[in-house]
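Everything on this sheet refers to the single structure shown next.
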Amino acid sequence: MESVSEWGLSPLSAVDPEIHDLIEHEKRRQSHGIELIASENFTSFAVIEALGSALTNKYSEGMPGNRYYGGNEHIDAIENLCRSRALAAYRLDHAKWGVNVQPYSGSPANFAAYTALLNPHDRIMGLDLPSGGHLTHGYYTSGGKKISATSIYFESLPYKVSYATGYIDYDKLEEKALDFRPKLIICGGSAYPRDWDYARFRSIADKCGALLLCDMAHISGLVAAQDRSDRSGQVVFGFLQRVLFAPSFQDLEAANPFEFCDVVTTTTHKSLRGPRSGMIFYRKGPKPPKKGQPEDAVYDFEDKINFSVFPALQGGPHNHQIAALAVALKQAVSPGFKAYAKQVKANAVALGNYLMSKGYKLVTDGTENHLVLWDLRPLGLTGNKVEKLCDLCNITVNKNAVFGDSSALAPGGVRIGTPAMTSRGLVEKDFEQIAEFLHQAVTICLSIQKEHGKLLKDFNKGLVNNKDIEELKAAVEKFAASFDMPGFQMSAMKYKD
Ligand code: DSN
């Protein structure tokens, strides 16, 4: 048998050069490319250190203080710290809100929340996928094929954006909701460039007796961002926090879903800049007085949500993720995080304005958050072609449906987000340069399509040995490599050039 130090203490490069090498290639791809996927980010070295720690060894099914395994004293401390930091990050009073930090990621968090709040076949309404919603909000195709487990196990009726404006059509949503009488309305999306009117959602939910859940995954960093310099990053709970530090409207980088929703779910690796993980926040304590409700009514979400996460849907919590999330939440209440979130938004505006100045069409003609949705249909191009060409030039975007689209594989747009490159220190002028690169990429796409034809197999021929693509790739690499990279030292990479 090998010695412990031989199999257990040798570095990755010695144990598995193949995987080590692929990781080094991926580091080069990340550092020498322009990362514009709106749901991605670059996390910190401290978060990565916690993720790659001995915490991955431990089983801890159950909740802190009530586990099915021994040896959890430090794991309990970590999960409790993570929970209190999560509440502090969103300025929540722990008497009124609780949080479960065990979901493995966003889709499991959403399904656990639905499992807790709904019975099979209960009715739900979420933003339609082609309108910028998420699969887990109940998507099925226009032909009726149920794509998401949410639409398989629950009866889902989507609401949509107005085809004229690209904004959510709240009046239509209200009309549909009053007919459909859902038990749950879901707000939040994956490709919606505007802020959310949570007060209107609440009023619609109340009119039809529905619960209101926000999936704030994309904007969770913007919602967390607040000027905390007056507190030097300290965590302050309770009355004092609410009175002295209640954020003014101008102080927030996004409308606050906690003000109006019953439950809020999120991933933690998008604009929040943490590890891949998920959280479910829920109201607890006395319910506000309402006609027809007993005076002492209290919210009953806590036990249901904790039970849904474990034992109903998950096994052991991923403690390395939870510790890494605790680190990210600590970083999210530092004064620098507010500046980061502001810059994410300013960069999205700069990028959007540059593209519009070139005559391109953005959904809703702009952005109020971290992303723009570029409508390529007026150009006669599809998102898959632009995504592919950009990939060849080391620019990473993703094809995305634009309302009215029917094909997910050849949709009419691309989604472009600013969180990742802002984490590398880029500011408005850099994003104007990025928009110029995107303009060049689309120009190349159009000339290939003109020369070779619209069919994908013909278009693909124009990508081979294309001098314009090679030149753009070289310029993109030079540009991207000139910025710092969070998480790892570029100077220590195996593949630098
Ligand atoms: N898949 C993510 C996105 O790209 O928006 C959401 O979970």
Side-chain angles (χ1 to χ4, degrees), residues 30 33-43 103-114 124 126-139 147-151 156 158 161 166 168 186-196 213-223 254 257 263-281 313 318 321 325 328 344 348 363-364 367-374 383-384 386-387 390-391 395-403 405 408-409 411-423:
Q30 290 185 13
I34 297 176
E35 181 54 71
L36 297 174
I37 293 188
S39 49
E40 290 187 13
N41 211 330
F42 299 119
T43 197
Y104 300 144
S105 198
S107 298
N110 281 347
F111 204 73
Y114 305 150
I124 63 158
L127 183 61
D128 203 18
L129 190 77
S131 280
H134 189 251
L135 275 171
T136 59
H137 299 178
Y139 183 57
I147 303 293
S148 156
T150 312
S151 58
S156 156
V161 295
I168 289 169
I186 303 156
C187 46
S190 285
Y192 188 60
R194 295 290 165 178
D195 212 342
W196 299 78
L213 179 149
C214 174
D215 174 353
M216 63 166 184
H218 264 261
I219 52 164
S220 58
L222 305 182
V223 176
V263 172
V264 178
T265 62
T266 187
T267 52
T268 58
H269 46 271
K270 299 187 172 85
S271 54
L272 190 60
R273 218 159 62 173
R276 311 193 79 80
S277 196
M279 297 193 275
I280 307 173
F281 295 86
L313 290 167
H318 290 179
Q321 280 185 312
L325 173 56
V344 164
V363 170
T364 76
T367 174
E368 286 163 346
N369 58 23
H370 63 300
L371 67 84
V372 302
L373 188 54
W374 189 353
N384 55 321
V386 174
E387 177 189 300
C390 281
D391 246 349
I395 303 172
T396 316
V397 295
N398 69 291
K399 57 181 170 287
N400 210 98
V402 178
F403 50 88
D405 268 350
L409 291 175
V414 284
R415 187 182 64 161
I416 305 170
T418 57
M421 294 310 282
T422 307
S423 289

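Not measured: the values here are computed from a predicted model. First listed ligand is number 1; within each ligand, the first listed atom is number 1.
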Worksheet entry | Geometric class of the Tyr104/His318 ring pair [parallel <30°, tilted 30-60°, perpendicular >60°] | parallel
Can you sort out the partners of [X] under side chain to side chain donor-acceptor pair (under 3.5 Å), two or more places apart, ordered by chain and number?
X: Ser105; result: none
X: Thr266; result: Ser220
X: Asp128; result: none

Practice prompt. Ignoring hydrogens and angles, state whether a donor on the side chain of His137 or Asp215 is under 3.5 Å from an acceptor on the partner side chain.
Written response: yes
Fill in: Side chains of Ser190 and Arg415, donor plus acceptor under 3.5 Å
no
Practice prompt. With a 4.0 angstrom cut-off on heavy atoms, strictly below it, pick out the residues next to ligand 1 and order them by chain and number.
Written response: Ser39, His134, Ser190, His218, Lys270, Arg415
